[in-house]
Protein chains: 2
Amino acid sequence: MSGTGGAVRGRRAPVGRGDERRPSGDDRQRAILETAERLLEERPLAAISIDDLARGAGISRPTFYFYFGGKEDVLLTLLDRMAAEVGERLAALPPEPGDDAPAWWRQVLGVFVDVFLGHRAVSRVLAEARATNPRLRAEWADLLEGWVGSTAAVLERERRRGAAAPGLDAREAALALNLLNERVLAAVVSGESPAPAEHGVLDLLAGVWLAVLYPAPDRTLRA
Amino acid sequence: MSGTGGAVRGRRAPVGRGDERRPSGDDRQRAILETAERLLEERPLAAISIDDLARGAGISRPTFYFYFGGKEDVLLTLLDRMAAEVGERLAALPPEPGDDAPAWWRQVLGVFVDVFLGHRAVSRVLAEARATNPRLRAEWADLLEGWVGSTAAVLERERRRGAAAPGLDAREAALALNLLNERVLAAVVSGESPAPAEHGVLDLLAGVWLAVLYPAPDRTLRA
DNA sequence: GGAGGGTATCAACACCCTGTCGAGCGATTC
DNA sequence: GAATCGCTCGACAGGGTGTTGATACCCTCC
């Protein structure tokens, strides 16, 4: 949860007190965000200039810089929103796998699938921007870290209670599985040419996760 | 194998006939390629201008364009080389898993680990450039397609001969595993903050692959 | 009810990077 | 010795980024 927080520069108070709308406000930010998400549906980040964002929000380029430090900040805000949604939905789930462990894991994976597929534009831009942008990379690293930690913790408890046979180092396995999610969902959302079928992606991820988390107990693995 | 081929524009004959070296030739190309790989060790692709590449190779920017169509072409050439190395080393392996299937898969995965870790600069740039560059994306898609096809074919034969229990759709599982490789190796090679330990990455990948390819026969999976 | 201060806006600028055009230069060929 | 071809670069046009300085707006406080 948490994250480095917002990314906005200016703006103190929303000003508008009554119900009569003013032509400006902090919905400029919203306008920029919406423009960004809309344009990202159409073309990759690299093909979107700050001028496009500004014009889309009805302002000039320098004014854009009043609200955001650059494309970077816009993306960070978009990412934070998506991450928050994942966090909320995960928090609403039972905290541990019960009798039906496969169903529980499936629910968890469903959250990722739902949210990422529900914000295709943001998901798609992630891989592209993370490569270039240190702040975004750090933010994503934090999120991943959190998910990996939770995954590893649950797996260790599953092993301790005898529900899962020991195997790979729990943390490394958890990391690999989360990276798998990231890459597979990116492929789906970007419409890559070898990509899993969208309607089957939850089955696919669940299949891999369960095979790794609850392996055949006699599998030979050297440390 | 194959791929879309080279990416070079000009150059007909190397000209240099005897043993006396001329100041120019087609080793200009090599100089550019070497400069690219060297600079990519230090900083991301976005921070390398064509002028950097040209100067590094001792030529001017317009001259660079005589040899390559842009950064894109340089990257494509670098990628083709790496892919060729993977192809050769895979071809030198036994074509099917024998009695010791885990060892065979481990050898296959070792090729990817070795080659990707041996060309860190190229591996690192892949994720970054694939997002922006259609040609590179297509080329990588082809390569992935090939590996996924081979993986799926072997898995199906393993299932037919009874060595592997049926489970996930073979092709989708193969795709997921190859995407896993890509993402995990990228994390290692880029020194990301949650990244698997480099010395253990082969064990990790092998563990996941084997768990997925040879699952416990009673695992419950709905279609 | 006019002075003052934060809020918000943009034209214009300096800079960097890309890709292209056209002129030039050295060697080879006839 | 002139036509040709491979190779090279200075200089340009175009587009992107980020900043600066002038300005207009609104609120508030005296």
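In what follows, chains are A, B, ... by sequence order, proteins preceding strands, each numbered from 1.
Listed by chain and residue number, nothing satisfies the side chain to side chain donor-acceptor pair (under 3.5 Å) test with A/R61 (two or more places apart in sequence, or in another chain). For A/W105, the side chain to side chain donor-acceptor pair (under 3.5 Å) criterion is met by A/Y214, not counting sequence neighbours. The salt bridge (Lys or Arg N to Asp or Glu O under 4.0 Å) search around B/R55 returns B/D51, not counting sequence neighbours. By the salt bridge (Lys or Arg N to Asp or Glu O under 4.0 Å) test, B/R157 is found to be paired with B/E96, residues two or more places apart in sequence or in another chain being considered. Residues satisfying the side chain to side chain contact (heavy atoms under 4.5 Å, CB included) test with A/A31, not counting sequence neighbours, are A/A57.
Distances shorter than 4.0 Å separate some side-chain N or O of B/K71 from OP1 or OP2 on C/dT18. OP1 or OP2 of C/dC10 sits under 4.0 Å from a side-chain N or O of A/T63.
As a whole-Å value, the separation of B/Y65 OH from C/dG22 C1' is 17 Å. In this structure, the CG atom of B/D52 is 10 Å from the C1' atom of C/dC17, given to the nearest Å. Separating the CD atom of B/Q29 from the C1' atom of D/dG6 is a distance of 13 Å, rounded to the nearest angstrom. Between B/F66 atom CZ and C/dG22 atom P there is a gap of 17 Å when expressed in whole angstrom units. Rounded to an integer number of Å, the gap from CD1 of A/I50 to C1' of D/dG15 is 13 Å. For the pair A/R28 CZ and C/dT7 C1', the interatomic distance rounds to 12 Å; values are reported in whole Å. B/Y67 has its OH atom 9 Å from the P atom of D/dC9, to the nearest Å. Put simply, CZ on B/F64 is 14 Å from P on C/dC17, counting in whole angstrom units.
A heavy atom closer than 4.0 Å to some atom of DNA chain C occurs in B/R61, B/P62, these being the qualifying members of residues 53-62 of chain B. Contacts between residues 31-42 of chain B and DNA chain D, defined by a heavy-atom separation under 4.0 Å, are absent.
Here salt bridge (charged side-chain N to carboxylate O under 4.0 Å, His left out) pairs that include residues 115-126 of chain A, with residues two or more places apart or in two chains, are A/R120-A/E198. Applying the side-chain hydrogen bond (donor to acceptor under 3.5 Å, both in side chains) test to pairs two or more places apart or on separate chains, those with a residue in residues 179-190 of chain A are A/R130-A/E182, A/W140-A/E182, A/N181-A/W209, A/E182-B/R183, A/R183-A/E192, A/R183-B/E182.
Residue contacts shown for B/S49 are limited to sugar-phosphate atoms, with no base heavy atom under 4.0 Å away.
When all heavy atoms of A/L40 and A/A121 are compared, the pair lying nearest together is CB-CB, 3.7 Å.
Under 3.5 Å, the side chains of B/D52 and B/S49 contain a donor-acceptor pair of N or O atoms.
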